[in-house]
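What's counted below: heavy atoms across the whole structure, side chains too, no hydrogens, waters or symmetry copies. Note that the structure is a prediction, hence the values are computed from the model and not measured.
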Amino acid sequence: MDFKKYFEELKRRKVFKSAVAYLAVAWVLIEVASAVLPAFDTPPFVLKAFIILLALGFPVNLVFSWVYDVTPDGIKKTDDLPESKTPSGIKGRRLNRVIIGFLSLAVVLLLYNQFGRSQAEPDKTPNTQIESDITVKSIAVMPFRDNSPAADHEWLASALVDVINNSLQNIDGLRVITRPSVAYLESTNSSPESIAENLDLTHYLEGSVIRVGDRIKIIVKLISSDDFSQLWSKNFDEDMASINEIIDDVATSIGRELNYEFKFSEISIPAAERTSDTQAWDLLQKARYEGSKVIGAEPPIVKEYLEQAIELDSSFYAAYVDLGYYWSSQYTWDGESIDDYEENIEKANRLFEFAIQKAPTYGQAYISLAINKIWYKQELDAYEMYMKGVELTPKKRGSGNLFLPALGDNPELHYQWAIESVRESPYEPSPWTAKGLAEYFNGMDDAAIQTIEEALEKFKTGVIQGTAVRVFYALEKYRRVINVGESYFDQVPGIRPARILGYLAAAHYKLGNLEEYESLMEELKDQTANSPIGSPAFHLAMVSAQTGDHEAAFQWLDKAIEDKEVELYWLKVEPPFEPLYDDPRWDKLIVEMGFNDIPKGL
């Protein structure tokens with residue numbers, strides 16, 4: 001073959017120009033698709049398929065350029081042209097325009113990607129990388145199988161998943177999916193492979209347990225999600241007295257298998273959760289298993305198990321903290337009135353304080369006590385105690401992830417936590433609530449609305465709807481407030497919490513629906529007289545501020561403080577109270593409440 005002649009023929013038929021034009025167009029299309037498709041929640045495989053399709057089209061384009069030519073009479077086969085004629089210049093001129101145009105667009109896109117995105121809206125976007133890092137390893141602990149002879153140790157299989165999960169969460173850089181998200185997918189009869197794909201896992205752990213008397217046999221396997229091959233496995237056949245050492249061994253082995261550097265003390269079971277009494281350990285795990293079955297007030301059997309565990313081992317401090325949570329759970333914001341709720345909170349706080357005194361490195365005790373002090377006692381400086389608990393156990397943030405923006409001085413930190421929580425708990429409502437709030441407090445209004453709307457679609461729970469009405473009202477979406485509030489009442493018949501009623505009343509007032517507004521205000525007033533549950537006076541004050549009745553607003557705020565209503569910690573950042581800011585009574589109230597005493601910059 002005469003390659004020189006062949007090369008000249010390629011040039012004559014404009015094959016090289018066609019190739020350059022195709023690559024320029026394809027590059028621009030891929031850039032546009034990469035930016036647009038995620039906005040519509042398009043699955044990642046769509047972009048991959050699009051890129052593959054463009055790649056397959058490249059050789060087709062080359063063949064087409066060789067065979068056909070663009071002439072004034074239309075597209076014709078090059079071989080059909082008279083030998084004396086060169087393929088039409090129309091084709092060459094058009095290709096030149098395509099190449100120049102798309103290469104110019106490519107340069108613009110490249111410059112925008114390099115400089116534009118990093119400088120866009122600097123005041124509204126936190127300096128936090130939220131995109132998924134493909135180098136980050138992620139793992140989930142799948143539900144363990146109970147293979148005990150009588151199949152009566154489901155609680156033990158559940159406990160092993162929890163304690164292994166808790167240990168793995170303390171490996172810095174490893175993304176560990178929380179158990180409820182895994183359980184949600186399992187409830188849909190998804191296979192481990194399907195769960196791994198849905199949760200974007202790089203690895204997962206599966207296992208089984210057999211318990212006979214005081215002997216326990218555990219089989220654990222680490223699986224790669226790339227090809228579902230087994231990377232590591234271990235069999236334990238030990239006495240129950242060695243259960244803590246088994247868990248420590250599992251966590252450290254997995255961490256080393258995944259090439260993480262860590263100190264053993266960082267991932268080992270905390271001393272407060274260790275006991276030499278295997279029966280006490282059993283009772284704690286049974287209590288947690290029973291508590292995990294309900295949302296809200298835990299059943300009496302939880303208290304019985306925990307009290308028995310403490311009686312067997314008085315230094316089992318995790319049992320004290322769990323018992324404190326039991327007493328705290330008996331009082332709920334939206335439930336029926338409980339006459340002795342204040343006594344229950346006091347019991348809980350004494351248990352938390354005792355655990356802190358005896359086990360000062362057990363972070364969960366600090367977090368639980370701080371939440372109770374802020375919610376039920378308005379001791380806002382307990383925020384510092386909360387942050388200490390987070391420092392001791394970074395992954396155990398609890399409900400504080402929701403009140404951080406109300407008390408803290410670091411909205412970007414809250415945003416970072418919220419993003420991490422959604423990644424680790426994509427099928428739980430609270431992380432989505434925290435993310436929507438974080439976006440709102442960082443001025444990312446459109447993102448906040450999108451997050452909350454998506455959460456409302458995913459979950460039908462009060463925690464989402466309570467946040468939705470708060471954010472929608474602040475962003476003046478009053479009809480959406482009413483829609484969400486009414487849907488809550490439809491889903492939970494007989495329960496009409498103040499945190500929904502207040503925003504409904506304010507929204508109806510803004511829309512001129514005075515009859516509905518007055519009816520809701522009467523309902524809130526009735527709640528202040530007959531129930532300690534929720535924050536009716538707080539929301540009456542909020543609505544009064546919106547209607548311009550400052551006198552009534554401050555009177556209701558005094559009532560809310562007197563009754564120690566649970567939502568007072570939102571006072572300083574709640575937009576509906578802005579009409580009161582110029583009133584001298586406002587600054588005095590903020591000082592008396594202790595907002596100025598909250599540690600900043602944590």
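In this structure, NZ in Lys564 is found 14.0 Å from OH in Tyr376, a value given to the nearest 0.5 Å. Leu231 CG to Ser229 OG: the interatomic distance, rounded to the nearest 0.5 Å, is 5.0 Å. Put simply, CD1 on Ile218 and CD1 on Ile247 are 5.5 Å apart, with the number rounded to the nearest 0.5 Å. The distance from atom OG of Ser138 to atom CG of Asp200, rounded to the nearest 0.5 Å, is 5.5 Å. Within the model, atoms CD1 of Ile254 and CG of Leu222 stand 5.5 Å from one another, a figure rounded to the nearest 0.5 Å. With values rounded to the nearest 0.5 angstrom, Asn372 atom CG is found 12.5 Å from Ile367 atom CD1.
Scanning all heavy atoms of the two residues, the minimum distance from Leu369 to Glu353 falls at CD2-CG, 3.6 Å. In terms of heavy-atom proximity, Ala382 sits nearest to Ala370 at O-CB, 3.4 Å. Summarising the geometry of Leu201 relative to Met142, their closest heavy-atom pair is CD1-CE, 4.2 Å, with the distance given to 0.1 Å. Closest non-hydrogen pair, Ser368 versus Val321, comes out as OG-CG1, 4.2 Å. Listed here is the closest heavy atom pair of Val484 and Ala468: CG1-CB, 4.0 Å. When all heavy atoms of Tyr488 and Arg499 are compared, the pair lying nearest together is OH-NH2, 4.3 Å.
When the shell of 6.0 Å around CD of Gln279 is examined, it contains 12 or fewer heavy atoms from other residues, nucleotides or ligands. Residue Glu197 qualifies as open at atom CD: its count of foreign heavy atoms under 6.0 Å is 12 or below. Within 6.0 Å of NZ on Lys358 lie no more than 12 heavy atoms contributed by other residues, nucleotides or ligands. For OH of Tyr325, the number of neighbouring non-hydrogen atoms (other residues, nucleotides, ligands) closer than 6.0 Å is 12 at most. The number of heavy-atom neighbours closer than 6.0 Å to CG of Asn147, taken from other residues, nucleotides and ligands shown, is above 12.
Under the 6.0 Å distance and 45° angle rule, Lys373 does not count as a cation-pi partner of Phe352.
Classification of the Trp375-Tyr569 ring pair by plane angle, with boundaries at 30° and 60°, yields parallel. Using the six-membered ring where Trp is involved, Phe441 and Trp570 have ring planes that are parallel, under 30° apart on the 30 and 60° scheme.
Tested against Phe236, the residues Ile216, Asp249, Ile243, Ile219 include a single side-chain contact (heavy atoms from CB on, under 4.5 Å) partner, Asp249.
Side chains of Tyr440 and Thr451 form no contact here, defined as non-hydrogen atoms less than 4.5 Å apart. Trp281 places a side-chain heavy atom less than 4.5 Å from the side chain of Met240. Contact of the Leu392 side chain with the Tyr362 side chain is not registered, since no non-hydrogen atoms from C-beta on lie closer than 4.5 Å. Contact of the Thr252 side chain with the Ile267 side chain is registered, since non-hydrogen atoms from C-beta on lie closer than 4.5 Å. Gln230 places none of its side-chain heavy atoms less than 4.5 Å from the side chain of Glu206. You'll find the side chain of His153 stays beyond 4.5 Å of the side chain of Val209, heavy atoms only. Taking the side chain as every heavy atom from C-beta outward, Tyr317 and Ser315 approach each other to under 4.5 Å. Side-chain contact between Lys458 and Pro429 is absent, with no heavy-atom pair separated by less than 4.5 Å.
Trp432 contributes a side-chain N or O that, together with a main-chain N or O of Pro426, makes up a donor-acceptor pair within less than 3.5 Å. Using a distance-only test at 3.5 Å, with no hydrogens or angles considered, a donor-acceptor pair links the side chain of Asn170 to the main chain of Asn166. Judged by distance alone, the side chain of Arg274 and the main-chain N or O of Ile269 form a donor-acceptor pair under 3.5 Å. Under a 3.5 Å cut-off, the side chain of Gln330 and the backbone N or O of Ile345 do not form any donor-acceptor pair. A donor-acceptor pair under 3.5 Å is absent between the side-chain atoms of Ser425 and the main chain of Thr178, judged by distance alone. In this structure a side-chain-to-backbone donor-acceptor pair under 3.5 Å is present from Ser191 to Ser194. Side-chain atoms of Ser253 never come within 3.5 Å of backbone atoms of Val250 as a donor-acceptor pair (strictly under, hydrogens ignored).
In the model, Gln169 has no side-chain atom that pairs as donor or acceptor with a side-chain atom of Glu424 under 3.5 Å.
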(request) Output, in order, the C-alpha distance, side-chain angles, deciding distance and verdict of side chain to side chain contact (heavy atoms under 4.5 Å, CB included) for Asp563 and Phe538. (result) CA-CA 10 Å; Asp563 292 345; Phe538 175 85; over 6 Å; no

(message) Leu205 vs Ile223, test: side chain to side chain contact (heavy atoms under 4.5 Å, CB included). Steps then yes/no.
(response) CA-CA 6 Å; Leu205 199 71; Ile223 310 296; over 6 Å; no

(request) Take Val390 and Trp417 through the side chain to side chain contact (heavy atoms under 4.5 Å, CB included) test and state the conclusion after the steps. (result) CA-CA 11 Å; Val390 170; Trp417 284 6; 3.8 Å; yes

(request) Take Lys388 and Glu384 through the side chain to side chain contact (heavy atoms under 4.5 Å, CB included) test and state the conclusion after the steps. (result) CA-CA 6 Å; Lys388 181 175 182 178; Glu384 187 173 17; over 6 Å; no

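Residue pairs meeting the salt bridge (Lys or Arg N to Asp or Glu O under 4.0 Å) criterion with at least one member in residues 278-294, sequence neighbours excluded, are Arg211-Asp282, Glu273-Arg288, Arg288-Asp322, Glu290-Lys293. The stretch residues 214-225 participates, sequence neighbours left out, in these side-chain hydrogen bond (donor to acceptor under 3.5 Å, both in side chains) pairs: Arg215-Asp237. Pairs passing the salt bridge (Lys or Arg N to Asp or Glu O under 4.0 Å) check and including a residue from residues 142-170, sequence neighbours excluded, read Asp162-Arg179. Sorted by first and then second residue, the side-chain hydrogen bond (donor to acceptor under 3.5 Å, both in side chains) pairs involving residues 295-306 (not counting sequence neighbours) form an empty list. Within the structure, the salt bridge (Lys or Arg N to Asp or Glu O under 4.0 Å) test picks out no pair touching residues 251-264 (sequence neighbours left out). Screening residues 166-191 for ring pair (Phe, Tyr, Trp, His ring centres under 6.0 Å), with sequence neighbours left out, gives Tyr184-Tyr427.
Ion pairing between a basic and an acidic side chain is recognised when a charged N comes within 4.0 Å of a carboxylate O; Lys435 and Glu439 show such pairing. The residues Glu567 and Arg470 are annotated as salt-bridged, a charged nitrogen and a carboxylate oxygen being separated by less than 4.0 angstrom.
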